[in-house]
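For reference, the structure discussed in these notes is given below.
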Amino acid sequence: MDIKLAVSRSGHDKDSVYVIIKEEANLAYLADGKAKPIEKPKKKNVKHMQIIKNLPKEITEVFTQQDFRNEEIKRAIKLYQKHTEIRRK
C-alpha cells in the first residue's frame, strides 16, 4: 500500500501533518485521526500542501490493513513528528 503524508502549507491548519486518504484532480482528502477522522476528512487543494516523500519504513509499516484506521493514522503522524524532531537536533 502506498502511504502518503502531507504538510499543510497555508490556511488555519498551516504546518499540520495529515495522511492523504483519497486524491481527485487537484484536491486531496486528508485525515489526522483526531480533529479530522477518516469519516470526515479535510478537503484541501493540492497547491496548499506539500507531500512528504521518502518516508521511513517504520512509518509505512504502521498501516497493516488495506483500509486506514484512525488509530494507525495518529500513530503514523506521531512517528513522523518524532522522526523529524530527531533530525532537527
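Only heavy atoms go into these numbers, but all of them, side chains included; no hydrogens, no water, no symmetry mates. Since the model is a prediction, treat every value here as computed from it, not as a measurement.
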Between OH on residue Y18 and CD1 on residue I77, distance to nearest 0.5 Å: 8.5 Å

Do the side chains of V46 and V19 join up, straight or via other hydrophobic residues, at under 4.5 Å, putting them in one cluster? no

Could you state the interatomic distance from NZ (K36) to NZ (K43), rounded to the nearest 0.5 Å? 11.0 Å

So, using salt bridge (Lys or Arg N to Asp or Glu O under 4.0 Å) as the criterion, who are the partners of E71 when residues are at least two apart? R69

Are any of the side-chain heavy atoms of I20 and L30 separated by less than 4.5 Å? yes

Contacts of E24 meeting side chain to side chain contact (heavy atoms under 4.5 Å, CB included) (sequence neighbours excluded), chain-then-number -> K22, Y29

Among the clusters formed by ILVMFWY side chains lying less than 4.5 Å apart, do I51 and L5 turn up in the same one? no

Partner residues of K34 under the side chain to side chain contact (heavy atoms under 4.5 Å, CB included) criterion, sequence neighbours left out: D32, K74

Exercise: identify the closest heavy-atom pair between I38 and N70: N-OD1, 2.9 Å

Looking at residues at least two apart in the chain, or sitting in another chain, which of them share a side chain to side chain donor-acceptor pair (under 3.5 Å) with N45? none

Sequence neighbours left out, what passes side chain to side chain contact (heavy atoms under 4.5 Å, CB included) with K57? Give chain and number order. T60, E61

Tightest non-hydrogen contact, residues V17 and Q81, listed as CG2-NE2, 4.2 Å

Among all residues two or more places apart in sequence or in another chain, which pass the side chain to side chain donor-acceptor pair (under 3.5 Å) test with S8? D13, K44

Using side chain to side chain donor-acceptor pair (under 3.5 Å) as the criterion, list what pairs up with R9, not counting sequence neighbours. D15, Q50

Calculate, to the nearest 0.5 Å, the distance between atoms CD1 and CD1 belonging to I3 and I21 respectively. 11.5 Å

Report the distance from atom CD1 of I59 to atom NZ of K78, rounding to the nearest 0.5 Å. 13.5 Å

Partner residues of K4 under the salt bridge (Lys or Arg N to Asp or Glu O under 4.0 Å) criterion, sequence neighbours left out: E23

